[in-house]
Amino acid sequence: MTRFVLGRIGFYTLIAVLLAFFTIPLLWLASAPLTSDPTYEVRVPDFTFDNFQAILEHPYALPSLYNSLLLSVGTALLVVALSALAAYALSRVRLPGRDALLYALLLLSSIITGTAAMVPLFQLAVELGLIDSQLGLILILSGGLLPAAIFMLKDFMDSTPKSYEESARVFGASPLQIVAHVVVPLVRPGLATIAVWAVANVWGNFLMPYLLLSDVEKQPAAVIMYTLYTEGGQANLRLLSTFGLLYSVPVVLMYLFVSKKYGFRFHGGIKR
Amino acid sequence: MAAIELRRLTKVYPGGVKALDALDLVIPDGEFFALLGPSGCGKTTLLRTIAGLETATGGAVVIGDRDVTSVQPGGRDIAMVFQDYALFPHMDVTDNVAYPLRIKKVAKAERHRRAGEVAARLGLERLMDRRPGQLSGGQQQRVALARVMATQAQAFLFDEPLSNLDARLRLEARTFLKKLQRELGVTTVFVTHDQAEALAMADRMAVMEAGVIRQIGTPAEVFQRPANTFVAGFIGSTPMNLLDAVVRGDTLEVAGCAVPVPDAAAGLLADGEKVVYGVRPEYNAYAPKPADGSSEGALAGKVVIVENLGASHLVTLDVNDVTVQAVVPEGSEPAVGDEGFAAPRRDRALVYRDGELVTR
């Protein structure tokens, strides 16, 4: 009995420590923006809005959030559209070596990450005149996300019965009509998952925009965050914490919205 | 409305599996036709080839007067109900039924009106706003039927239309489908592995085995005079007794007993020939004693098993180590261990030579 109680106490202590480890930074993020002179400690805030005032006056802060939105939504749309078409084709058409191709794509894209391919990508962007262009960045980010997106979506497509499409086909629907009327609605939860995943990926990506966008007016929030210093070269905790909070809110809202609407089912489409 | 004609239709899957082997078949306009066979016999492939979902390797599919062998499914003027009904789960009943019209670019108001009409005919008017997930199996089936009716196609194809329903509903749906088909008068081909379903619903049926049609005929013909031992064994809720026999003049020696040569084979057998004697348990009259005092013309044996079939019993006799079955009406069933006699009806018994029916 004593052993059981001690074991329980030990277990809950461990849980508490782990919980604190993850909660304290979040508490800091919630309290520091409302504190007039934040430090690295978590303190009870004095509920000032001066920090928000300061971030609003910062010339690049709000535009950078807009840039982040533009980049992530643009990339998500491109990735969803292209991966849906590719995954549908790969799921329904038997090609010799199809699975090998998919695995190779996935493997290569996860080994040769953006970081590893940074120099050639930069070179490529320069040659194509896509340096310092948000469109160029969207294309490059999409390229990086597509293999994994196709792989995930193909799984969704595989699990939807073919008879839906065959039925539409017998009624005379063209392949594009079948995709639009039947396949896309059936795999909508999958498409939503891919979209959220792509947005979150681009939203948090620092390296690619840092490398490829030199104009500060085009840079997204993740890059602008890096520039929030005081005149003394110290991290400006007032701006950093406030900007950090603003930076996280849209992603959290998106998760809540999509989770409510689609429930993040990872398989099956809609089944009767 | 149109007839369907298959000429030397062949389908070979990549890898060399021959699913259809030079099939010839004519289904006249307005007929309710069943494709029956065990799983893997090619019946679903045949249906899908008629629909155009599979491309024929050889031969031709003709619907009406038009050779549609190389026409896409949408251009064949046919409509199909799939085994799982394939109702679009994200559309309500109205949109599902109206979908074929949407493809034909009928205006929304008009196609909803026509969908409503067809659905009302099948008693679906109160379910128009429901999604397939909110419907019972029987309702889903009727929505699927309404959807093919909305196409006003020349021919309907049903793939195992009843297999997704529970046993009770299946009987109801059987009657309903047959009545509907009769009213609509549209040429309809359906696939089933259930011989009772085919016998009950079809005007005519084809029994298939390994990509080949083994017999075509009305349910009565197929039931009473199976053209070969395969069909004989496949058709009927209790399988036909198929017994090795030797011809002895105008009698057959079956399991050590002598039975008269059946009417159908009279005068066609050579003395001493080895054949297979077939009689359905339903046409095998069981009696505890021989009718006229002698065991002439009957199979004498011992009752091994008695199975209750409801209004009748299936009695299994051991006749000199050969199993013979007979159907006995309720009330007169024997006890296990009794001596008994099974007298095959001469006008219903059949003889098979090399697996094929011996007949004029």
Side-chain angles (χ1 to χ4, degrees), chain A residues 80 84 87-89 91-99 153 155-195 258 260-272, chain B residues 13-15 44 47-48 50-54 71-91 95-106 111 130-137 139-140 143-144 147-148 150-153 155-160 164:
Chain A
V80 166
Y88 178 57
S91 166
R92 292 306 191 240
V93 182
R94 277 169 200 274
L95 285 173
R98 173 188 69 182
D99 292 345
L153 260 185
D155 240 32
F156 271 93
M157 305 266 184
D158 284 347
S159 64
T160 51
K162 273 187 191 172
S163 53
Y164 292 132
E165 294 144 53
E166 289 181 336
S167 175
R169 220 179 129 206
V170 175
F171 294 132
S174 68
L176 267 182
Q177 280 175 320
I178 293 175
V179 169
H181 298 164
V182 181
V183 179
V184 165
L186 284 176
V187 299
R188 211 158 37 191
L191 298 179
T193 308
I194 297 296
V258 176
K260 190 164 184 243
K261 192 136 192 240
Y262 299 104
F264 279 101
R265 282 166 295 178
F266 257 93
H267 54 79
I270 310 161
K271 270 201 174 164
R272 282 177 288 130
Chain B
Y13 279 112
T44 296
L47 195 78
R48 291 171 58 86
I50 298 174
L53 292 169
E54 306 282 349
V71 176
Q72 282 291 308
R76 296 190 175 199
D77 204 7
I78 42 120
M80 182 160 172
V81 173
F82 288 78
Q83 189 169 0
D84 57 7
Y85 310 137
L87 299 174
F88 304 128
H90 55 285
M91 296 183 191
D95 284 335
N96 260 296
V97 175
Y99 188 73
L101 302 172
R102 180 174 167 193
I103 295 297
K104 287 181 189 147
K105 305 221 186 314
V106 177
R111 64 177 194 249
R130 299 239 190 125
R131 299 254 175 123
Q134 300 164 303
L135 300 174
S136 71
Q139 290 167 338
Q140 290 184 9
V143 175
R147 190 168 62 173
V148 300
T151 61
Q152 300 183 320
F156 293 161
L157 309 174
F158 298 164
D159 187 5
E160 300 269 6
N164 266 3

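In this text, all values refer to a predicted model and were calculated from it rather than measured experimentally. Lettering of chains follows the sequences in order, A, B, ..., and the numbering in each one begins at 1.
- What you find for B/Pro89 and A/Leu186 is that their closest heavy atoms are CG-CD2, 3.2 Å.
- Nearest heavy-atom pair across B/Gly52 and A/Arg169 is O-NH2, 3.9 Å.
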### side chain to side chain contact (heavy atoms under 4.5 Å, CB included) assessment of B/Arg102 paired with A/Phe171
CA-CA 10 Å; B/Arg102 180 174 167 193; A/Phe171 294 132; over 6 Å; no
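- Most heavy-atom pairs under 4.5 Å with chain A, from the set B/Ala51, B/Pro100, B/Gly75: that is B/Pro100.
- Ranked by heavy-atom pairs under 4.5 Å with chain B, the list A/Gly172, A/Ala168, A/Ser167, A/Ala173 is led by A/Ser167.
- The shortest heavy-atom contact between B/Ala79 and A/Val170 is CA-CG1, 4.2 Å.
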### Message
Please determine whether side chain to side chain contact (heavy atoms under 4.5 Å, CB included) holds for the pair B/Arg48 and A/Glu166, giving the CA-CA distance in whole Å, both sets of side-chain angles, and the decisive distance to 0.1 Å.
### Response
CA-CA 10 Å; B/Arg48 291 171 58 86; A/Glu166 289 181 336; 2.7 Å; yes
### Message
Walk me through whether A/His181 and B/Tyr99 qualify under ring pair (Phe, Tyr, Trp, His ring centres under 6.0 Å).
### Response
CA-CA 9 Å; A/His181 298 164; B/Tyr99 188 73; 5.5 Å; yes
